[in-house]
Chemist: 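Got a structure here, written out as structure tokens. Questions coming.
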Amino acid sequence: MGIVKVLDHPLIQHKLTFIRDKNTGSKEFRELVEEVALLLTYEITRDLPLEDVEIETPVCKAKTKALSGKKIGVIPILRAGLGMVGGILKLIPAAKVGHIGVYRDPETLQPVEYYCKTPTDIAERDLIVVDPMLATGGSANASIKFLKERGAQNIKLMCLIAAPEGIEAVQKVHPDVDIYVAAVDEKLNEHGYIVPGLGDAGDRLFGTK
Ligand SMILES: O=P(O)(O)OC[C@H]1O[C@H](OP(=O)(O)OP(=O)(O)O)[C@H](O)[C@@H]1O
Ligand SMILES: O=c1cc[nH]c(=O)[nH]1
Ligand SMILES: [Mg+2]
């Protein structure tokens, strides 16, 4: 079974409070989502392999460490996942980005897939699927299935807020996927929204309704 890690660093919790606040406007919301994504990335990359390198400082030669070139792919689930990409790329600028378009039908809550463009070598990459919200888990499960059908071997899921139902759903269908979240909330409401959550992440990021 994949691990579930709640990354509740004080900075993350503080920023999440403002993200949740309905009085936070789109500009600040976008900035905060990007910042929290960056902080989550710091944790999710903790196991990246290093190699020994030799460099010369202004003082002397030194044996030190550098990333060993593990290939990474970042896969935002459109639209809301886009809000997290900038923060991740600040820390991992060499990552390739693939896009999966999935929206949740508001009536049935079932995922509807409409777009997919991923790097051709996803089988060789460590993939980080990103979406601020893990509600029923339908969108994440469909996206991960998509990636596996295209050869993906190693997938982590990174979200801001998850409902217990969403975590359970992903663990059931994709037990090999580790899940990283900033918070696990109480429940889903009758419309499938996370309670207390933050509302509709895509609408708040992009100013739609
Ligand atoms: O776990 P689920 O029940 O599938 O719900 C979560 C999904 O819902 C939201 O996307 P939405 O359908 O609002 O699309 P959008 O990002 O285009 O607004 C969110 O960004 C997730 O992708
Ligand atoms: O609370 C929720 C649930 C699904 N999608 C969102 O944007 N928010
Ligand atoms: Mg939305």
Side-chain angles (χ1 to χ4, degrees), residues 1-9 11-12 15 30-102 115-132 134 139-160 162 167 170-171 173-182:
M1 182 70 70
I3 59 157
V4 179
K5 215 161 183 190
V6 182
L7 304 170
D8 55 359
H9 187 285
L11 283 173
I12 293 177
K15 289 174 191 297
R30 272 195 296 273
E31 289 167 358
L32 287 162
V33 167
E34 195 172 308
E35 285 171 16
V36 172
L38 182 149
L39 292 167
L40 293 174
T41 303
Y42 177 78
E43 278 298 325
I44 206 172
T45 51
R46 197 168 271 285
D47 60 354
L48 279 181
L50 292 169
E51 62 186 11
D52 294 324
V53 291
E54 203 170 301
I55 51 141
E56 213 168 324
T57 76
V59 179
C60 64
K61 283 192 172 153
K63 286 198 169 96
T64 178
K65 304 276 183 192
L67 291 173
S68 68
K70 181 84 201 152
K71 290 177 168 180
I72 295 176
V74 179
I75 314 285
I77 302 177
L78 306 181
R79 290 173 301 164
L82 287 175
M84 299 172 72
V85 174
I88 301 168
L89 292 182
K90 276 193 183 137
L91 290 191
I92 326 174
K96 295 233 166 116
V97 182
H99 296 84
I100 294 187
V102 178
Y115 186 75
C116 184
K117 177 81 179 175
T118 58
T120 49
D121 58 354
I122 55 171
E124 297 154 36
R125 290 184 180 270
D126 284 358
L127 300 182
I128 309 174
V129 175
V130 300
D131 193 324
L134 180 62
S139 303
N141 272 345
S143 303
I144 293 166
K145 180 164 167 271
F146 242 53
L147 294 169
K148 286 184 176 173
E149 283 166 0
R150 284 164 176 72
Q153 309 272 344
N154 190 332
I155 301 174
K156 289 176 176 168
L157 175 64
M158 183 167 113
C159 303
L160 261 49
I167 291 176
V170 173
Q171 285 192 310
V173 182
H174 300 292
D176 54 310
V177 171
D178 290 339
I179 303 172
Y180 295 79
V181 296

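Residue numbers count from 1 along this sequence.
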Chemist: Quick one: side-chain hydrogen bond (donor to acceptor under 3.5 Å, both in side chains) pairs with a partner in residues 36-49, sequence neighbours left out?
Modeler: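 Qualifying pairs, neighbours excluded: E43-R46, D47-K156.
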
Chemist: With the side chain counted from C-beta on, respond yes when P49 and L67 share a heavy-atom pair under 4.5 Å apart, and no when they do not.
Modeler: no

Chemist: What distance separates T118 OG1 from H99 NE2, expressed to the nearest 0.5 Å?
Modeler: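 Rounded to the nearest 0.5 Å, the OG1-NE2 separation comes out at 11.0 Å.
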
Chemist: Y180 versus I3: any side-chain heavy-atom pair under 4.5 Å?
Modeler: yes

Chemist: State, to 0.1 Å, how close A66 and V53 come at their nearest heavy-atom pair, and which atoms those are.
Modeler: CB-CG1, 3.9 Å

Chemist: Are the side chains of C159 and L157 in touch, meaning some heavy atoms are under 4.5 Å apart?
Modeler: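 Yes. Closest side-chain heavy atoms under 4.5 Å.
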
Chemist: For D121, check salt bridge (charged side-chain N to carboxylate O under 4.0 Å, His left out) against everything at least two apart and list the hits.
Modeler: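 Partners of D121 by the salt bridge (charged side-chain N to carboxylate O under 4.0 Å, His left out) criterion, ordered by chain and then number, come out as K71, R125.
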
Chemist: Kindly give the heavy-atom pair with the smallest separation between P76 and G98, and that separation in Å.
Modeler: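 It is CD-O, 2.8 Å.
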
Chemist: Can you tell me how far apart CZ (R30) and CG (L82) are? Round to the nearest 0.5 Å.
Modeler: 12.0 Å

Chemist: Evaluate the side-chain proximity of I179 to I167: yes if any heavy-atom separation is below 4.5 Å, no if none is.
Modeler: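 Yes, close enough: below the 4.5 Å cut-off.
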
Chemist: Could you tell me which non-hydrogen atom of V74 sits nearest to which non-hydrogen atom of A95, and how far apart they are?
Modeler: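 Taking every non-hydrogen atom into account, CG2-CB, 3.8 Å.
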
Chemist: Counting C-beta onward and ignoring hydrogens, is there a side-chain heavy-atom pair between L78 and Y115 closer than 4.5 Å?
Modeler: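 Yes; the side chains approach each other to less than 4.5 Å.
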
Chemist: Which atom pair, heavy atoms only, marks the closest approach of D178 to G2?
Modeler: OD1-CA, 3.3 Å

Chemist: Might you work through the side chain to side chain contact (heavy atoms under 4.5 Å, CB included) test for I88 and M158, ending with a clear yes or no?
Modeler: CA-CA 11 Å; I88 301 168; M158 183 167 113; 3.7 Å; yes

Chemist: Got L134 and V170 here, is their nearest side-chain heavy-atom distance under 4.5 Å?
Modeler: yes

Chemist: For the atom pair CD1 (I12) and CG (L160), what is the distance rounded to the nearest 0.5 Å?
Modeler: 8.5 Å

Chemist: R79: which residues meet the side chain to side chain donor-acceptor pair (under 3.5 Å) condition with it, sequence neighbours left out?
Modeler: D203, T208

Chemist: Please report the interatomic distance CG(L50) to OG(S68), rounded to the nearest 0.5 Å.
Modeler: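 Spacing of CG (L50) from OG (S68) equals 7.0 Å.
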
Chemist: Using the rule given for side-chain hydrogen bond (donor to acceptor under 3.5 Å, both in side chains), can you reason through H174 versus K148, listing the C-alpha separation, both sets of side-chain angles and the distance that settles it, and then say yes or no?
Modeler: CA-CA 10 Å; H174 300 292; K148 286 184 176 173; 2.8 Å; yes

Chemist: Could you walk me through whether L39 and L11 satisfy the side chain to side chain contact (heavy atoms under 4.5 Å, CB included) test, starting with their C-alpha distance in whole Å, then the side-chain angles of each, then the deciding distance to 0.1 Å, before giving a yes or no?
Modeler: CA-CA 8 Å; L39 292 167; L11 283 173; 4.0 Å; yes

Chemist: Scan for side-chain hydrogen bond (donor to acceptor under 3.5 Å, both in side chains) pairs involving residues 54-66, sequence neighbours excluded, and state none if there are none.
Modeler: D52-K65

Chemist: As an exercise, state the distance from CD of Q153 to CD1 of I122, rounded to the nearest 0.5 Å.
Modeler: 9.5 Å

Chemist: Output all residues satisfying salt bridge (charged side-chain N to carboxylate O under 4.0 Å, His left out) with K96, sequence neighbours left out; order by chain, then residue number.
Modeler: none

Chemist: Provide the closest heavy-atom pair for I77 versus S139 in the form atom of the first, atom of the second, distance.
Modeler: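 Nearest heavy atoms, I77 then S139: CD1-O, 4.1 Å.
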
Chemist: With sequence neighbours excluded, give me every side-chain hydrogen bond (donor to acceptor under 3.5 Å, both in side chains) pair touching residues 81-95.
Modeler: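 Every pair satisfying side-chain hydrogen bond (donor to acceptor under 3.5 Å, both in side chains) with a residue in residues 81-95: E34-K90.
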
Chemist: How many angstroms lie between SG in C116 and CD1 in I75, if you round to the nearest 0.5 Å?
Modeler: 8.0 Å

Chemist: Keeping D126 on the side-chain end and I72 on the backbone end, is there a donor-acceptor pair under 3.5 Å?
Modeler: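 Answer holds: no.
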
